[in-house]
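Right, one structure below, let's go through it.
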Amino acid sequence: MSDRLDITFAPLNADPESVTVVLAGEGLSFGTKAREFETKSAGAISKAAAATDYKGKFKSVVEILAPAKLGIGRLIVGGLGKAATLTAQQYVDLGGTLLAAIQNRKASTASLIVDCEGSEDLSTEQIAALLAQGALLRHYSFKKYMTKKPSDENSAEKNGLKKLIVHVAHPEKAKAAFHPLKAVANGVNFARDLVNEPANILGPVELAEKTKALEKLGVEVEILDIKDMEKLGMGALLCVGQGSVRPSRLAVMVWNGAKGGKKQKPICFVGKGVVFDTGGISIKPAAGMEDMKGDMGGAAAVIGTMYALAERKANVNAVGLVGCVENMPSGNAVRPGDIVTSMSGQTIEVINTDAEGRLVLADVLWYAQEKFKPKLIIDLATLTGAIMVALGKEYAGMFTNDDKLADELLAASRATGEKVWRMPLDKAFDKLMDSKNADMKNAGGRWAGAATAAAFLQRFIQKDTVWCHLDIAGTAMDGNRSDINQSWGAGWGVRLLDRFVAEQHEKGDK
Ligand code: BES
Ligand code: MN
Ligand code: ZN
């Protein structure tokens with residue numbers, strides 16, 4: 001696990017650290033504290049701003065060295081731009097930018113002063129909490145296997161920032177506002193750790209075991225082993241792992257947080273947890289294969305989401321299910337041409353052992369419906385290279401049988417900046433999955449690879465089940481780096497799903 005940034009809240013008049021950030025709005029408008037600094041230092045901020053043509057544009061920064069009479073070594077001014085128009089997500093992004101500016105300097109503790117006025121929608125304390133969440137997300141880096149100390153010249157760690165003190169008029173209120181936001185950031189960072197971890201350390205058993213960390217948050221965890229899954233008839237999931245010396249697992253996380261009690265139908269989140277995807281007998285080319293340690297990005301998103309929901313005690317019943325397997329070629333591996341029977345009873349001709357994720361999901365989706373009768377299911381999977389051809393690393397592909405769910409997820413997507421784009425489910429794609437030898441085959445032809453994969457999954461969705469499949473092959477790993485993510489493993493999906501739950505399933509007595 002990476003070193004976490006410790007964030008605390010202090011009153012505005014607490015002594016600032018040697019590296020301190022203040023905010024300035026468009027046209028260099030200041031809050032109370034920045035104005036005080038400006039006066040005390042005989043106009044140090046406005047002089048520096050004039051010299052650098054700095055105007056407080058959103059996310060722009062200027063740094064002032066040893067301003068007179070402030071007892072501060074480096075004063076970083078961060079721009080708010082038109083503060084009144086900023087969205088919550090923009091404050092989160094700004095928090096990331098400011099953290100990066102701090103990290104350019106050597107300091108183990110830094111101050112961030114939040115003295116701006118609140119807007120119609122956001123109080124100053126909420127703004128402070130949002131900035132803090134952005135800082136926490138940006139601070140994440142995976143350096144567990146770096147043996148060089150920060151003091152070493154070759155260290156990958158730029159500096160050792162350990163603590164950020166957020167100065168704000170009502171620190172207790174800001175702390176309370178930060179609590180749920182911190183839970184979500186912790187969920188994202190937990191997911192990032194899982195995705196970044198190499199497959200020699202994180203096998204299917206270990207991935208499943210990681211869910212046990214959620215027990216301390218009140219989540220009930222059950223782990224099914226091979227025998228359990230054999231009894232359930234999960235021939236599709238099991239055939240994927242049969243070539244690996246490391247046994248498959250299915251981890252189930254249950255969070256019963258709904259005020260209405262256990263009777264309320266849960267939402268199910270299903271994740272593809274292929275800890276490494278060699279392709280199996282239909283082996284992948286060598287170049288870039290190391291990235292396939294991230295083929296459990298869907299499982300990581302589900303575990304991270306459950307983590308966030310439980311830590312912030314979400315008013316919802318939710319179940320996370322992750323199928324954990326390793327796809328290896330060996331004398332025991334499933335062969336192209338093999339026919340397996342899924343838990344649903346439907347038979348599948350495995351024509352390409354590299355189309356393994358859908359085999360895993362087929363059984364986990366079926367199990368989720370049989371066992372939990374959920375009000376809706378969302379699955380996340382690094383399922384196809386084809387989704388990257390269509391949408392690049394910017395958007396996840398969204399396939400759903402429900403227009404309302406599509407709209408709700410799109411709204412959560414807009415709010416969080418985790419972008420999704422709706423893709424088609426179509427009988428014509430479904431037909432391409434028919435097989436001459438079994439009920440279906442596991443790979444369609446050359447075209448519409450992401451849509452045929454989704455059509456395959458839909459064959460395991462029961463009539464009347466509201467369902468959405470998110471193909472996150474482009475976004476889960478090595479996605480575009482951002483203000484709030486510099487990590488290879490992005491933890492993509494946690495913020496999206498958390499927001500979806502908060503907006504659609506926690507309000508009122510649903
Ligand atoms: N895990 C891969 C998809 C993938 C590729 C994710 C690159 C992230 C980066 C998946 O199991 C796979 O191999 N899909 C095949 C399906 C094909 C054989 C029908 C693909 O996309 O080529
Ligand atoms: Mn594959
Ligand atoms: Zn895969």
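Just so you know, ligand 1 is whichever comes first in the structure, and atom 1 is the first atom listed for that ligand.
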(message) Just by distance, no angles: are the side chains of Glu349 and Asn437 close enough, under 3.5 Å, to form a donor-acceptor pair?
(response) yes
(message) When you compare the side chains of Asn186 and Arg4, does any donor N or O come within less than 3.5 Å of an acceptor on the partner?
(response) no
(request) Establish, from distance only, whether the side-chain atoms of Asn327 and Thr278 form a donor-acceptor pair under 3.5 Å. (result) no
(request) For the pair Ser342 (side chain) and Gln346 (backbone), establish whether a donor and an acceptor sit closer than 3.5 Å, ignoring hydrogens and angles. (result) yes
(message) How long is the straight-line distance from CZ of Phe190 back to OG1 of Thr211, given to the nearest 0.5 Å?
(response) 8.0 Å
(message) Quick check with a 6.0 Å cut-off and a 45 degree axis cone: is Lys293 positioned over the face of Trp488's six-membered ring?
(response) yes
(request) For the Mn ion (ligand 2), check which protein N, O or S atoms are under 2.8 Å away and list them. (result) Asp277 OD2, Asp354 O, Asp354 OD1, Glu356 OE1
(request) Scan side-chain atoms only and decide if Ser487 and Asn196 contain a donor-acceptor pair under the 3.5 Å cut-off. (result) yes
Check ligand 1 for N or O atoms under 3.5 Å from a protein N or O and list each pair with its distance.
unit_1   : atom_1 : unit_2 : atom_2 : d
ligand 1 : 1 (N)  : Lys272 : NZ     : 3.3
ligand 1 : 1 (N)  : Asp277 : OD2    : 3.2
ligand 1 : 1 (N)  : Asp295 : OD1    : 2.9
ligand 1 : 1 (N)  : Asp295 : OD2    : 3.0
ligand 1 : 1 (N)  : Thr382 : O      : 3.4
ligand 1 : 11 (O) : Lys272 : NZ     : 3.2
ligand 1 : 11 (O) : Asp277 : OD2    : 2.9
ligand 1 : 11 (O) : Asp354 : O      : 3.1
ligand 1 : 11 (O) : Glu356 : OE1    : 2.8
ligand 1 : 11 (O) : Glu356 : OE2    : 3.0
ligand 1 : 13 (O) : Lys284 : NZ     : 2.8
ligand 1 : 13 (O) : Asp354 : O      : 3.0
ligand 1 : 13 (O) : Asp354 : OD1    : 2.8
ligand 1 : 13 (O) : Asp354 : OD2    : 3.2
ligand 1 : 14 (N) : Leu383 : O      : 3.4
ligand 1 : 21 (O) : Gly385 : N      : 2.7

(request) Pull up every protein N/O/S atom sitting under 2.8 Å from the Zn ion (ligand 3), skipping waters. (result) Lys272 NZ, Asp277 OD2, Asp295 OD2, Glu356 OE2
(request) Could you check whether the rings of Phe460 and Phe456 sit parallel, tilted or perpendicular, using 30° and 60° as the cut-offs? (result) tilted
(request) Write out all pairs satisfying side chain to side chain donor-acceptor pair (under 3.5 Å) with one or both partners inside residues 410-431, taking only residues at least two apart or from two chains. (result) Glu394-Lys419, Asp403-Arg422, Asp430-Arg459
(request) Look up atom NZ in Lys231 and atom CD1 in Ile226, then write down how far apart they are to the nearest 0.5 Å. (result) 13.0 Å
(request) Considering non-hydrogen atoms only, spot the tightest contact between Ala208 and Arg249 and give its length. (result) CB-CB, 3.6 Å
(request) Nearest 0.5 Å please: distance from the CG atom of Leu137 over to the CZ atom of Arg495. (result) 6.5 Å
(request) Quick one: closest heavy-atom pair of Leu99 and Leu5, and the distance? (result) CD2-CD2, 4.0 Å
